[in-house]
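One structure below.
We use all heavy atoms of the structure for the numbers below, so side chains are in, but hydrogens, waters and symmetry mates are not. Along the sequence shown, residues are numbered consecutively beginning with 1. Treat the numbers as computed from the prediction; the structure is a model and nothing was measured.
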Amino acid sequence: MTRATPFRLTYSTMFDPPAAMHERFDAALARVRPALGQHHPMFVDGRPRFAATAFEVRSPIDTGLLVGRFQTGGAADVEAAGAAARRAVPAWARTPWPERVALLRRAATLIEERVYEISAAVSIEIGKNRMESLGEVQETADLVAWYCDRMQESDGFRRELPNDPLAGFTSRNRTLLRPHGVWAVIAPFNFPFALAGGPIGAALVAGNTVVFKVASDTSLSGWLLLEAFRDAGLPAGVLNFVTGPGSAVGDALAGHADVAGATFTGSHEVGMGILRRFAQGRWPRPCIAEMGGKNAAIVTRHADLERAAAGIARSAFGLQGQKCSACSRVLVERPVAQALRERLVAAANAISVGDPTERDHWMGPVINRSARDRYLRCVARLRDAGRVDAGGRVLDDGALARGWFVAPTIGSAPRDDALWRDEHFVPLLLLSEVDSLDEAIAEANRSDYGLTAGFYGAGDEIDVFLERIEAGVTYVNRPQGATTGAWPGYQPFGGWKASGSTGKAIGSFWYLPLYLREQSQTIVD
């Protein structure tokens, strides 16, 4: 793949980017802003599709800024998209896998060629800082390319087996993985590009057709992703895009009779509902569900506290805590608890909060009014049940009053409180003191979730942590992020327990086969 940047961009390397990257982002931002506010269709069977009404998407940075108008789709639109995808299944599934790979590689190349313009739009629409936006869009291209690589190295997941030992006959055997049919992709607002584009790439390269929906707040991101795949030359009906409220469009998509499998990223409640629905039909259907986390970082008395504080703060407050992998709990041994708390409070107070498209601001707004109100409820509960050490307030001075800005918050609450137990998706970090590594691991594992976990401590403690922690993604002594920052090919990303349904990880060697089913073939001559 020809790179749009002369350097390797990953979440780990974006902390010290070259000046050229900022210059290119600023230039792209100047091009993108005047083009905002357009009216965008859905895309079904290779054609634009319009609904009777449209809804507006406004930037959480400045609610006066219209990002675009999008279709208020409904069940009829989902029905049309599903039917189009179903009609496209036979031809697409029969397309030789090298041809599918070539088309998907073209899509990955187009995403990378457009990385700055798309990232600028993502930053405006989500309130994600420029480095995180660039990282997400580049990650999407890398995910699609990764799945193409896996299809190629497996020779299309076809393997010849020994002939049966039958006298007088030649009985040839083989096994191969084949597509399911129509695949639904339902993506969240926080990573609307990567968590739609990655699953779409996997489903398509495997030979499935796709209907996808992003969260309404990030409909422009979904449209820009659709454009990249469309422009790569996919046949009509192979990829379809619908917009509208989850209660109507998402529900109709999950219940569509032609949908043979789904990838969902979002809340545990919704994900479990889809899983149960898929298990209770005429036959069970595969559902790849990623359903959040309540991720802990453990810090022992032997830890490098500067490194721990840097990694924890980045993971707690990156994207305003609106990551399923965000660090929301810290379990620290008592002898170093106060020192770590002081460092974290200093780090939180030093964060520059403002328009995240600007280079100087690392933290932007939460996504919408509902998220801001949820933050306020959490802070009120924290003041009532525990204590606030930093933050705990809405930021509304000057230009910040036009968006959904809140302060990064650090505090303490009882471990049996809902603040400690539930995922809140806001910039709130809770600390609790422990007497030993054993106690810390046991407490971390008490959570129903098991997505990511971080550890800071001595070398002889590492194996204990890795052996006993119940999480699908682990990081040890990592200043770039205690619980966040996975990259395809470097850190596969997937959760255990209530965090995920498959036990396999995005961007891993074992993810692509989730979109395929095995068929054994015996042919007697």
Do [X] and [Y] have side chains that approach each other closer than 4.5 Å (heavy atoms only, starting at C-beta)?
X: Met131; Y: His22; answer: yes
X: Met42; Y: Phe70; answer: no
X: Pro427; Y: Val366; answer: yes
X: Val330; Y: Leu429; answer: yes
X: Arg100; Y: Trp92; answer: yes
X: Cys324; Y: Glu423; answer: yes
X: Val238; Y: Leu204; answer: yes
X: Tyr475; Y: Tyr456; answer: no

Flag if over 12 foreign heavy atoms under 6.0 Å of [atom1], [X]:
X: Glu269; atom1: CD; value: no
X: Arg178; atom1: CZ; value: no
X: Arg174; atom1: CZ; value: yes
X: Asn173; atom1: CG; value: yes
X: Glu467; atom1: CD; value: no
X: Arg86; atom1: CZ; value: no

Between [atom1] on residue [X] and [atom2] on residue [Y], distance to nearest 0.5 Å:
X: Leu451; Y: Met291; atom1: CG; atom2: CE; answer: 10.5 Å
X: Gln322; Y: Ile367; atom1: CD; atom2: CD1; answer: 6.5 Å
X: Phe493; Y: Leu195; atom1: CZ; atom2: CG; answer: 7.5 Å
X: Ile298; Y: Ile469; atom1: CD1; atom2: CD1; answer: 4.5 Å
X: Ser501; Y: Leu275; atom1: OG; atom2: CG; answer: 5.0 Å
X: Arg114; Y: Leu225; atom1: CZ; atom2: CG; answer: 10.5 Å

[X] and [Y]: which non-hydrogen atoms are nearest, and at how many Å?
X: Ala81; Y: Val242; value: CB-CG1, 3.9 Å
X: Gly318; Y: Glu132; value: CA-OE2, 4.1 Å
X: Gly197; Y: Thr140; value: CA-CG2, 3.8 Å
X: Leu143; Y: Pro488; value: CD2-CB, 3.6 Å
X: Cys327; Y: Thr483; value: N-OG1, 3.1 Å
X: Arg87; Y: Pro90; value: O-CD, 3.4 Å

### Message
Can you classify the ring geometry of Phe425 versus Phe189 as parallel (below 30°), tilted (30 to 60°) or perpendicular (above 60°)?
### Response
perpendicular
### Query
Would you call the rings of His40 and Trp223 parallel, tilted or perpendicular, where under 30° means parallel and over 60° means perpendicular?
tilted
Side chain of [X], backbone of [Y]: donor and acceptor closer than 3.5 Å?
X: Asn240; Y: Asp45; value: yes
X: Thr265; Y: Glu290; value: no
X: Asn190; Y: Leu319; value: no
X: His424; Y: Ala418; value: yes
X: Lys294; Y: Asp422; value: yes
X: Arg478; Y: Gly485; value: yes
X: Asn129; Y: Met363; value: no
X: Tyr449; Y: Gly500; value: no
X: Ser325; Y: Thr484; value: no
X: Gln320; Y: Gly127; value: yes

Are Tyr511 and Thr502 linked by a side-chain donor-acceptor pair shorter than 3.5 Å? no
Please lay out, stage by stage, how Trp420 and Glu443 fare under the test side-chain hydrogen bond (donor to acceptor under 3.5 Å, both in side chains). CA-CA 11 Å; Trp420 185 264; Glu443 179 59 35; 2.9 Å; yes
Candidate pair Arg285 and Trp283, rule side chain to side chain contact (heavy atoms under 4.5 Å, CB included), full reasoning:
CA-CA 6 Å; Arg285 294 173 290 165; Trp283 53 75; 4.2 Å; yes
The residue among Leu234, Leu239, Val89 that forms side chain to side chain contact (heavy atoms under 4.5 Å, CB included) with Thr209 is Val89
Only residue of Val464, Leu466, Val299, Thr300 satisfying side chain to side chain contact (heavy atoms under 4.5 Å, CB included) with Phe455 is Thr300
Next on the checklist: Can you confirm if the aromatic rings of Tyr116 and Phe25 lie within a centre distance of less than 6.0 Å?
Outcome noted: no
Could you walk me through whether Val205 and Leu512 satisfy the side chain to side chain contact (heavy atoms under 4.5 Å, CB included) test, starting with their C-alpha distance in whole Å, then the side-chain angles of each, then the deciding distance to 0.1 Å, before giving a yes or no? CA-CA 9 Å; Val205 79; Leu512 185 56; 3.7 Å; yes
Would you please test Glu136 and Ile126 for side chain to side chain contact (heavy atoms under 4.5 Å, CB included) and show each step? CA-CA 12 Å; Glu136 179 185 354; Ile126 304 173; 4.3 Å; yes
Only one of Trp183, Tyr147, Phe157 passes ring-ring contact (aromatic ring centres under 6.0 Å, His included) with Tyr515, and that residue is Trp183
When you look at Val249 and Thr243, which way does the side chain to side chain contact (heavy atoms under 4.5 Å, CB included) test go after all the steps? CA-CA 7 Å; Val249 176; Thr243 54; over 6 Å; no
Only one of Gln519, Glu160, Arg159, Glu518 passes side-chain hydrogen bond (donor to acceptor under 3.5 Å, both in side chains) with Thr175, and that residue is Glu518
query: Does Asp251 pair with Arg277 as a salt bridge, N-O distance under 4.0 Å?
result: yes
